[in-house]
A.B. asks: 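Okay, handing you the structure first.
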Amino acid sequence: MINLLDFDLAGLTRYFAEIGEKPFRAKQVLRWMHQMGAGDFGQMSDLAKSLREKLAQQAVIIAPQVRSEHRSTDGTVKWLIDTGTGNAVETVFIPEDDRGTLCVSSQVGCALACTFCSTGRQGFNRNLSVSEIIGQLWVANKALDRTLAPNASPLAEERDAGALREKLVKGERIISNVVMMGMGEPLLNYSNTVSALRLMLDDQSYGLSRRRVTVSTSGIVPAMDRLREDCPVALAVSLHAPNDALRDRLVPINQKYPLKELLAACRRYLERAPRDFITFEYVMLEGVNDSVSHAKQLIALTRDVPCKFNLIPFNPFPDSGYVRSAPEAIRRFRSVLQAAGHVVTTRKTRGDDIDAACGQLAGKVRDKTKRTQRNMEVVE
Ligand code: SAH
Ligand code: SF4
């Protein structure tokens, strides 16, 4: 059976052409699925009965299954999404005063084995399908609609929930931003990620602004070039180190795409990007990459790339071997960058009580690779 949640608008239009239906039908069905959350052709009241029956015979609408839902006292919600064979990925909703951000996963595990990342430590199992990526928005929208509906909110007393409920009442979207910062490297699941991004942007489905959809990558240079052409959205690059020797250790894919190439790709990306800067993510690891001299190297390194920095206090996990930089070290690092004229944000840790921090996603992945040795093959 064909799962219609696996199609973006172009794909669904092609499918409808194959079954002898007009392109506008694809738009209607897309709206039903993604805007109304319909999971059943019977609900699609403006389609002819004959078409509904035809679709029911050959297609399905199957969103991923939620295994569990966890709510933090700060309003953060985490869903564990079942991906079969005992594996799961995570989706996290982070409400703030002026936006609601959904942190979305792209792969079950990750082959890139960054040494400070719990997902990377677990190895790689498989790519998520389009329906499993976009399904995370589908599932979150449904769950948030339900929990934030007037008089039905267990979150009512909690921070941010009031503002979000107001939005819902006014018919505004609760999820205003998406960051591909959950499990996996989105640019190594390229075509599924791009189809899912198109659905996030398309007015017939989620209608999000290009500037509010962010792909985070460890720096897969050829895929960054493709994304710039195929579907330019905001880009965050996981830098984490100001020189190749250190980055080779922390982000092993650097051995394949070293800093000079990566920064050149960032400059090329900016020619088409919806924002006029790249966000550089920088995890703060005590005694590893957090000195004043690292900050100065970072300034020199990124001289030619319009950018902002996002400092991420390291989220510890068992046996990681790393320690989060002290708040004072993070402040010092930030002020060196700021003194050079950079905009710097320091990520607040949210949802600590439910283990929801992006990049620190619980749940064990059944590794299908021989890990680090095989990384480079996976990348090819
Ligand atoms: N694979 C992509 C996107 C997912 S990771 C990437 O690497 O960019 C999202 C962000 O969380 C990345 O910047 C990643 O380096 C960071 N991260 C991973 N593990 C972390 C940890 N333990 N503490 C803090 N940030 C972490
Ligand atoms: Fe993969 Fe990103 Fe984790 Fe590196 S930081 S192992 S690329 S998920």
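These figures come from a predicted structure and were not determined experimentally.
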A.B. asks: Find the distance between CZ (R198) and CG (L9) and round it off to the nearest 0.5 Å.
C.D. replies: 10.5 Å

A.B. asks: Identify the two heavy atoms, one from G184 and one from C110, that lie closest to each other, and give their separation to 0.1 Å.
C.D. replies: CA-CB, 4.0 Å

A.B. asks: Treating Ile, Leu, Val, Met, Phe, Trp and Tyr as nodes and any side-chain heavy-atom pair under 4.5 angstrom as an edge, say whether V323 and F333 lie in one connected cluster.
C.D. replies: no

A.B. asks: Side chains of P313 and L311: does their closest heavy-atom pair fall under 4.5 Å?
C.D. replies: no

A.B. asks: Verify the cluster assignment for M44 and I62: are they in a single hydrophobic cluster under the rule of side-chain heavy atoms below 4.5 Å apart?
C.D. replies: no

A.B. asks: If we count only N and O atoms by modelled type, under 3.5 Å, do the side chains of S129 and E132 hold a donor and an acceptor together?
C.D. replies: yes

A.B. asks: For the atom pair CD (Q28) and CG (L30), what is the distance rounded to the nearest 0.5 Å?
C.D. replies: 11.0 Å

A.B. asks: Do the side chains of P306 and D276 get nearer than 4.5 Å, heavy atoms only?
C.D. replies: no

A.B. asks: If you compare all heavy atoms of L112 against all heavy atoms of S218, which two are closest, and at what distance to 0.1 Å?
C.D. replies: CD1-OG, 3.2 Å

A.B. asks: Would you check if the side chain of R121 reaches a backbone N or O of D319 as a donor-acceptor pair within less than 3.5 Å?
C.D. replies: yes

A.B. asks: Can you name the nearest heavy-atom pair linking I299 to V336, along with the distance?
C.D. replies: CD1-O, 3.6 Å

A.B. asks: When you measure from the side chain of R52 to the backbone N and O of L47, does any donor-acceptor pair fall under 3.5 Å?
C.D. replies: yes

A.B. asks: Mark yes or no for whether Q35, through its side chain, and D203, through its backbone, hold a donor-acceptor pair below 3.5 Å.
C.D. replies: yes

A.B. asks: Could you measure the distance from the CD1 atom of I94 to the SG atom of C103? Nearest 0.5 Å is fine.
C.D. replies: 5.5 Å

A.B. asks: Given the rule in the side chain to side chain contact (heavy atoms under 4.5 Å, CB included) test, do F93 and L144 qualify, once you have shown the distances and angles that lead to the verdict?
C.D. replies: CA-CA 9 Å; F93 176 70; L144 292 169; 3.8 Å; yes

A.B. asks: Could you pull out all donor-acceptor pairs under 3.5 Å where a side-chain atom in residues 282-292 meets a protein atom, sequence neighbours excluded?
C.D. replies:
| from | atom 1 | to | atom 2 | distance (Å) |
| --- | --- | --- | --- | --- |
| Y282 | OH | N289 | O | 2.6 |
| N289 | OD1 | L285 | N | 3.0 |
| N289 | ND2 | H240 | O | 2.8 |
| N289 | ND2 | V283 | O | 2.7 |
| D290 | OD1 | G287 | N | 3.0 |
| D290 | OD2 | S325 | OG | 2.8 |
| S291 | OG | S293 | N | 3.3 |
| S291 | OG | H294 | N | 3.1 |
| S291 | OG | H294 | ND1 | 2.9 |

A.B. asks: Is it true that the side chains of R334 and T346 contain a donor and an acceptor less than 3.5 Å apart?
C.D. replies: yes

A.B. asks: Hey, does M1 have a side-chain heavy atom less than 4.5 Å from the side chain of Q57?
C.D. replies: no

A.B. asks: Is there a donor-acceptor pair under 3.5 Å between the side chain of E229 and the backbone N or O of R226?
C.D. replies: no

A.B. asks: For the pair D244 and R247, find out whether any cationic side-chain nitrogen is under 4.0 Å from an anionic carboxylate oxygen.
C.D. replies: no

A.B. asks: Are any side-chain N or O atoms of S320 and backbone N or O atoms of Y322, one a donor and one an acceptor, separated by less than 3.5 Å?
C.D. replies: yes

A.B. asks: When you compare the side chains of Y190 and D230, does any donor N or O come within less than 3.5 Å of an acceptor on the partner?
C.D. replies: yes

A.B. asks: When rounded to the nearest 0.5 angstrom, what distance separates CZ in R324 from CD1 in I330?
C.D. replies: 7.0 Å

A.B. asks: Under the side chain to side chain contact (heavy atoms under 4.5 Å, CB included) criterion, do N243 and L301 qualify, and how do the steps go?
C.D. replies: CA-CA 8 Å; N243 60 62; L301 177 77; over 6 Å; no

A.B. asks: Quiz question: by atom type and distance under 3.5 Å, do the side chains of E185 and T217 form a donor-acceptor pair?
C.D. replies: yes

A.B. asks: With the threshold set at 4.0 Å, does a side-chain nitrogen-carboxylate oxygen contact exist between E328 and R331?
C.D. replies: yes

A.B. asks: Which pair of heavy atoms, one from S238 and one from E281, lies closest together, and at what distance?
C.D. replies: OG-OE1, 3.3 Å

A.B. asks: Between atom CG of L137 and atom NE2 of H34, what is the distance when rounded to the nearest 0.5 Å?
C.D. replies: 9.5 Å

A.B. asks: Testing the basics here: between V251 and L239, what is the closest heavy-atom pair and its distance to 0.1 Å?
C.D. replies: CG2-O, 4.3 Å

A.B. asks: Does any N or O in the side chain of S335 come within less than 3.5 Å of the main-chain N or O of R332, such that one atom is a donor and the other an acceptor?
C.D. replies: yes

A.B. asks: Just checking, any donor-acceptor pair under 3.5 angstrom between side chains of S106 and N189?
C.D. replies: no

A.B. asks: If two hydrophobic side chains count as joined below 4.5 Å and joins carry through other members, does L235 share a cluster with F277?
C.D. replies: no

A.B. asks: So, do L259 and N254 sit near enough that their side-chain heavy atoms are less than 4.5 Å apart?
C.D. replies: yes

A.B. asks: Judged by atom type as modelled, is there a donor-acceptor pair below 3.5 Å linking the side chain of N3 to the main-chain atoms of D6?
C.D. replies: no

A.B. asks: By the side chain to side chain donor-acceptor pair (under 3.5 Å) test, which pairs, at least two apart or in different chains, include something from residues 13-22?
C.D. replies: Y15-Q58, E21-K54

A.B. asks: Quick one: do the Q255 and D248 side chains pair a donor with an acceptor below 3.5 Å?
C.D. replies: no

A.B. asks: Taking the side chain as everything from C-beta on, heavy atoms only, tell me whether D202 gets closer than 4.5 Å to D8.
C.D. replies: no

A.B. asks: Can you establish whether the number of heavy atoms outside Q65 located under 6.0 Å from its atom CD is more than 12?
C.D. replies: no

A.B. asks: Establish whether L128 and V66 are linked, either directly or via other cluster members, by ILVMFWY side-chain heavy-atom contacts under 4.5 Å.
C.D. replies: yes

A.B. asks: Decide yes or no for L12 and L4: does some side-chain heavy atom of the first lie under 4.5 Å from some side-chain heavy atom of the second?
C.D. replies: yes

A.B. asks: When rounded to the nearest 0.5 angstrom, what distance separates CG in L263 from SG in C307?
C.D. replies: 9.0 Å

A.B. asks: Between W138 and M33, is there a donor-acceptor pair closer than 3.5 Å when you use the side chain of the first and the backbone of the second?
C.D. replies: yes

A.B. asks: Would you confirm whether K142, through its side chain, and G37, through its main-chain N or O, come within 3.5 Å as a donor-acceptor pair?
C.D. replies: yes

A.B. asks: Any link between W32 and V60 through a network of hydrophobic side chains (Ile, Leu, Val, Met, Phe, Trp, Tyr) touching at under 4.5 Å?
C.D. replies: no

A.B. asks: Can you tell me if S105 uses its side chain to pair, donor with acceptor, with the backbone of E90 under 3.5 Å?
C.D. replies: yes

A.B. asks: Working note: V92 + V77, criterion side chain to side chain contact (heavy atoms under 4.5 Å, CB included); need CA distance, chi angles, decisive distance, verdict.
C.D. replies: CA-CA 6 Å; V92 181; V77 189; over 6 Å; no

A.B. asks: For side chain to side chain contact (heavy atoms under 4.5 Å, CB included), just list the numbers for R347 and N310, CA-CA rounded to whole Å, side-chain angles, deciding distance to a tenth of an Å, and then say yes or no.
C.D. replies: CA-CA 7 Å; R347 184 176 296 169; N310 186 12; 3.6 Å; yes

A.B. asks: Got P232 and L227 here, is their nearest side-chain heavy-atom distance under 4.5 Å?
C.D. replies: no

A.B. asks: Of the non-hydrogen atoms in Q43 and A38, which two are nearest, and what is the gap between them?
C.D. replies: OE1-CA, 3.6 Å

A.B. asks: Please examine the side chains of S205 and R31, heavy atoms only from C-beta on, and report whether any two atoms are closer than 4.5 Å.
C.D. replies: no

A.B. asks: Ignoring hydrogens and geometry beyond distance, is a side-chain donor-acceptor pair present between H70 and S68 at under 3.5 Å?
C.D. replies: yes

